[in-house]
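Counting begins at 1 with the first residue of the sequence.
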Amino acid sequence: MRKYEVMYIIKPHYEEDKYRELIDKYNALIQSNGGEILKEEPWGKRRLAYEIEKIREGYYVLVNFEGPEALPAELERNFRIADDIMRYLVIRMED
């Protein structure tokens, strides 16, 4: 099992319950693919460094997790097809 970190930005026009629902959805995806959530940090709404699709804010979420090597690719695939996610980045942590 390798350690990874994922940061993703959710579009800012949702209610707080919807953010929690989306965070739980992606955490469940990690767990259902053999991963384990080590730490989850919802940072909340923050101003973006530059506009994305005329949007100036985003809801940032940082998650540290362990999982098999195929898990980051599956997570990125789901982020890519999701309309709610503006940007994402998955990186492998050093052991």
Query - pair Leu48-Met86: side-chain heavy atoms closer than 4.5 Å - result: yes
Report task. With rounding to the nearest 0.5 Å, note down the distance linking NZ in Lys11 to NZ in Lys45. Result -> 14.0 Å
Report task. Side-chain contact test, heavy atoms from C-beta onward, threshold under 4.5 Å: evaluate it for Leu62 versus Glu5 and give yes or no. Result -> yes
**Report entry** Atom pair OH/CD of Tyr88 and Glu76 - distance to nearest 0.5 Å
**Finding:** 5.5 Å
Query raised in the report: Under 6.0 Å between ring centres, would you say that holds for Tyr26 and Phe79?
Result: yes
Report task. Side-chain contact test, heavy atoms from C-beta onward, threshold under 4.5 Å: evaluate it for Pro68 versus Leu71 and give yes or no. Result -> yes
Query raised in the report: Atom CD1 of Ile9 and atom CG of Asp84: how far apart are they, to the nearest 0.5 Å?
Result: 13.5 Å
Query raised in the report: Do we see a donor-acceptor contact under 3.5 Å between the side chains of Tyr4 and Glu69?
Result: no
Query raised in the report: Given the rule that I, L, V, M, F, W and Y join up when any side-chain heavy atoms are under 4.5 Å apart, are Ile85 and Tyr50 in one cluster?
Result: no
Query raised in the report: Rounded to the nearest 0.5 Å, how far does CD of Glu57 lie from CD1 of Ile10?
Result: 13.5 Å
Requested in this report: Apply the ring-ring contact (aromatic ring centres under 6.0 Å, His included) test between Tyr59 and each candidate in Tyr14, Tyr19, Trp43; give the one that qualifies.
Outcome: Tyr19
Query raised in the report: Taking everything shown except Glu51 itself, do over 12 heavy atoms lie less than 6.0 Å from its CD?
Result: yes
Query - Side chain to side chain, Arg47 and Arg56, heavy atoms closer than 4.5 Å - result: yes
Query raised in the report: Is it the case that one hydrophobic cluster holds both Val90 and Ile37, taking links as side-chain heavy atoms less than 4.5 Å apart, direct or via other members?
Result: yes
**Report entry** Side chain to side chain, Leu38 and Glu66, heavy atoms closer than 4.5 Å
**Finding:** yes
Requested in this report: May I ask you to test the Val61-Glu41 pair for a side-chain heavy-atom distance under 4.5 Å?
Outcome: no
Query raised in the report: How long is the gap from CD on Glu94 to CZ on Arg2, to the nearest 0.5 Å?
Result: 12.5 Å
Report task. Calculate, to the nearest 0.5 Å, the distance between atoms CG and CG belonging to Asp24 and Leu29 respectively. Result -> 12.5 Å
**Report entry** Criterion side chain to side chain contact (heavy atoms under 4.5 Å, CB included) on Glu36 and Phe65, from CA distance to verdict
**Finding:** CA-CA 5 Å; Glu36 178 185 345; Phe65 65 96; over 6 Å; no
Query raised in the report: Is Met93 reachable from Leu89 through a run of I, L, V, M, F, W or Y residues, each pair having side-chain heavy atoms under 4.5 Å apart?
Result: yes
Query raised in the report: Under 3.5 Å, is there a donor-acceptor pair linking the side chains of Asn27 and Gln31?
Result: no
Query - side chain to side chain contact (heavy atoms under 4.5 Å, CB included) assessment of Arg87 paired with Tyr8 - result: CA-CA 6 Å; Arg87 291 288 189 270; Tyr8 55 96; over 6 Å; no
